[in-house]
Amino acid sequence: MLDQKLIRENPTYVEDNLSPRGKVYKISFIHQLTLQKKEIDIEISSLQSESKKLSKLIGQEISKSQNKDSLELNNLKKKGNEYRIKISEFEEKKRILDQQIHNEIYDLPNLPSKDAPIGKDESDNVQVKTWGDPLKTKNPKSHWEIGENLNLFDTIKSTKISKSRFITLVGDGARLERALINFMLDMHSKNGYLELMPPALVNSESLTGSGQLPKFSNESFKCSNDDLWLSPTAEVPLTAFHRNEIIDSKNLPIKYVAYSPCFRREAGSYGRDTKGLIRLHQFNKVELYWFCDPSKSIEAHKQITSDAESILKKLNLPYRLVDICTGDLGFSSSRTFDLEVWLPSSNCYREISSCSNCLDFQARRSSIRTKIDKKNIYLHTLNGSGLAIGRTMAAILENGQQTDGSVKIPDALVPYFGSNVLKTA
RNA sequence: GGAGAGGUGGCUGAGUGGUCGAAAGCGAACGACUCGAAAUCGUUUAAUAGGUAACUAUUCGUGGGUUCGAAUCCCACCCUCUCCGCCA
């Protein structure tokens, strides 16, 4: 959420800085609302002050005179009643204004960073670097072919259980998934992250806090009987973990790593990535999350990205780092670096991690602050996948495929998986 | 799911309509005593929002209501605890 004060005092700045997202954001309406609200706040506060003084006076008079029904007292009470009516009128106006502002402001995305490349869509994203050598074999198999050959998962039976875009991992496939989760959690824990295992169901307030609601209600699964949703990413519960808190600055940065299943409706992606592990309604992910001092988030963003990269390096998977352009930036993010892993069968890089600096956007929505120089200020939040497990498995299968149909397991994973090769039994 | 109890400052806990943002204790900070410490004594000590500040407002689980005035009365909801039932 953007700062109301900023909108009130500098609407053109906000408008100008939202525009690189590629859409026109008219904020004159909300600007007017914030001005009106400020006036009403002042009015209410002064009326309350008067009314409070009067009530005290009445109390004093009563204890002095013992006569509760004197004419004088009744006049004072009458005056008090007038205050009450006036105040409640203003409060009603304020309630409506608050609601209107709420409706507007929660739909505004974060301001893109000045450092983010300007662009209109993903074709304008900027490749920053590549790492590793993309596998160049002739006719590489896709990971779903490999998976089928080695009997690692079953899509057909999964539609029987749920529907399309769900998967059941089988045997070594399930074991590999589990190995990857443990491997990543261990790596990040050793690297100073505290491991959390949060609930998979989250309430509306949590989703609003991290930016998925109200605008993107279509993208998450909702439980019809409760105010609960299946969490689309651990970013949601991790943000909510500290909602309405003021965190002692000496505890910053707070760094969490969390494994969680993630659930996404993938509305509007019909026909895309219908095969394999790339785009599922349910997938596993290990997520990195930072709460940090606002002055240090740029540095933290580099760090969280390199922490995610370290997993790809350990697994020896070729990847590239992409600087996401303003038009392709996520709703809550001011700047995002994507890590894209090489998938030989598609002959391209595919997103496997997205590392975002949300600045104070989520912190303001969730009211998470820190005290610096005796002032409470919103801290900065950062998140990054470290990594998406299913896509990592796809990358391992495709990049590790051997001519004999087996798959080489990356050395770093062998202790977790218990074998250095995947082959038919 | 049923029955009961309860939610007050950093913590414990008093407070059933008036000067209560709230007693007392603990804790914490500072000072005195001490070579130093402990103990003791004294002083201070809730938070949030707005404002350069003076100051103003809000806050006793949350949201409404009654009243000139609510921690206190009324309504709804949330949460916690105990017992019973069910359950991994």
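Residue numbers begin at 1 in each chain, while the letters A, B, ... track the order of the sequences.
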Query raised in the report: Taking a pair as Watson-Crick (N1 to N3 plus N6-O4 or O6-N4) or G-U wobble (N1-O2 and O6-N3), both under 3.5 Å, which stems of 3 or more consecutive pairs involve RNA chain B?
Result: B:1-7 with B:78-84, B:10-12 with B:24-26, B:27-32 with B:40-45, B:46-50 with B:55-59, B:61-65 with B:73-77
Report task. Look at all strands and tell whether A:Lys37 reaches a base, only sugar-phosphate, or nothing, counting heavy atoms closer than 4.0 Å. Result -> nothing
Requested in this report: Sticking with atom P, work out how far B:A32 lies from B:A38, rounded to a whole angstrom.
Outcome: 14 Å
Requested in this report: Report which part of the nucleic acid A:Lys52 touches: base, sugar-phosphate, or nothing (heavy-atom distance under 4.0 Å, all strands).
Outcome: sugar-phosphate
Query raised in the report: Where the side chain of A:Lys56 is defined as all heavy atoms beyond and including C-beta, which of B:U48, B:U19, B:A57 is the nearest nucleotide?
Result: B:U19
Report task. Using the C1' atoms only, state how far B:C33 lies from B:C81, rounded to an integer number of Å. Result -> 47 Å
Query raised in the report: With a 4.0 Å cut-off on heavy atoms, is A:Ile58 in touch with a base, just the backbone sugar-phosphate, or nothing at all?
Result: base
Query - B:U66 OP1/OP2 closer than 4.0 Å to side-chain N/O of A:Arg84 - result: no
**Report entry** Euclidean distance for P, B:U56 against B:A37 (whole angstrom)
**Finding:** 42 Å
**Report entry** Integer angstrom distance from the C1' of B:C73 to that of B:U16
**Finding:** 8 Å
Mind listing the side-chain donor-acceptor pairs of residues 415-425 of chain A below 3.5 Å, one per line with the distance, residues two or more places apart or on another chain?
| residue | atom | partner | partner atom | Å |
| --- | --- | --- | --- | --- |
| A:Tyr416 | OH | A:Asp186 | OD2 | 2.7 |
| A:Ser419 | OG | A:Val421 | N | 3.2 |
| A:Ser419 | OG | A:Val421 | O | 2.9 |

Query raised in the report: With respect to the side chain of A:Lys38, which nucleotide from B:U56, B:G50, B:G64 is positioned closest?
Result: B:G50
Requested in this report: Nearest whole angstrom, please: distance from the P of B:A47 to the NZ of A:Lys371.
Outcome: 7 Å
**Report entry** side-chain N/O A:Asn81 vs B:U67 OP1/OP2, d < 4.0 Å
**Finding:** no
Report summary line: In whole angstroms, the gap separating P of B:G63 from CD of A:Glu91 amounts to 12 Å
Query raised in the report: Expressed in whole Å, how much space separates the C1' atoms belonging to B:A49 and B:U40?
Result: 42 Å
Query raised in the report: Counting side-chain heavy atoms from C-beta on, which of B:A57, B:C68, B:U48 comes nearest to A:Lys77?
Result: B:C68
**Report entry** Check: A:Phe263 ring centre within less than 6.0 Å of A:Phe283 ring centre
**Finding:** no
**Report entry** Spacing between A:Ile247 atom CD1 and B:G10 atom P, to the nearest angstrom
**Finding:** 16 Å
Requested in this report: Figure out the CG/C1' separation between A:Asp248 and B:G10, and round it to whole Å.
Outcome: 12 Å
Report summary line: Taken to the nearest whole Å, CZ/A:Arg243 to C1'/B:C78 is 13 Å
Requested in this report: With heavy atoms under 4.0 Å as the rule, sort A:Asp41 into base, sugar-phosphate or nothing.
Outcome: nothing
Query raised in the report: Do the non-hydrogen side-chain atoms of A:His301 and A:Phe337 ever get within less than 4.5 Å of each other?
Result: yes
**Report entry** Rounded distance (Å) that lies between atom P of B:U56 and atom CZ of A:Phe90
**Finding:** 20 Å
Report task. Ignoring the backbone of A:Ser49, work out which of B:G64, B:U48, B:A57 is nearest its side chain. Result -> B:A57
Query raised in the report: B:C79 and B:C26: how far apart are their C1' atoms, nearest whole angstrom?
Result: 26 Å
Report task. Select base, sugar-phosphate, or nothing to describe what A:Ser55 touches, counting heavy atoms under 4.0 Å on all strands. Result -> base
Query raised in the report: Which is it for A:His380 and A:Phe291 under the ring-ring contact (aromatic ring centres under 6.0 Å, His included) test, yes or no, and what are the steps along the way?
Result: CA-CA 6 Å; A:His380 284 188; A:Phe291 295 89; over 10 Å; no
Query raised in the report: Touch check for A:Gly80, heavy atoms < 4.0 angstrom, all strands: base, sugar-phosphate only, or nothing?
Result: sugar-phosphate
Query - Validation row: A:Val257, A:Leu185 side chains within 4.5 angstrom (heavy atoms) - result: yes
Query raised in the report: Which part of the nucleic acid does A:Ile246 contact within heavy-atom distance under 4.0 Å: base, sugar-phosphate only, or nothing?
Result: sugar-phosphate
Report task. Give A:Lys53 one of three labels, base, sugar-phosphate or nothing, depending on what nucleic acid heavy atoms sit under 4.0 Å from its own. Result -> nothing
Query - Considering all heavy atoms, the nearest A:Leu343-A:Ala395 contact - result: CD2-CA, 3.8 Å
Report task. Sticking with atom C1', work out how far B:A22 lies from B:A71, rounded to a whole angstrom. Result -> 8 Å
Report task. State, with a plain yes or no, whether a side-chain heavy atom of A:Asn399 is found less than 4.5 Å away from one of A:Leu315. Result -> no
Report task. Could you work out the separation of B:G64 and B:A28 based on their C1' atoms and round it to a whole Å? Result -> 38 Å
Query raised in the report: Looking at the rings of A:Tyr256 and A:His242, which for Trp means the six-membered one, are their centres under 6.0 Å apart?
Result: yes
Query - Pairwise 5' ranking along RNA chain B for A:Ser51 and A:Arg8, keeping only the more 5' one - result: A:Arg8
Query raised in the report: Within this structure, what is the CD1-to-C1' distance between A:Ile87 and B:U56, rounded to whole angstrom?
Result: 13 Å
Query - All pairs passing side-chain hydrogen bond (donor to acceptor under 3.5 Å, both in side chains) where residues 89-103 of chain A contributes a residue, at least two apart - result: A:Lys37-A:Asp98, A:Asp41-A:Lys94, A:Glu92-A:Arg95, A:Gln99-A:Asn103
**Report entry** Touch class at under 4.0 angstrom, heavy-atom based, for A:Gln48 against every strand present
**Finding:** sugar-phosphate
Query raised in the report: How close do A:Trp290 and A:Pro253 get, heavy atom to heavy atom, and via which atoms?
Result: CE3-CB, 3.8 Å
Query raised in the report: Roughly, in whole Å, what's the span from CG in A:Leu54 to C1' in B:G69?
Result: 9 Å
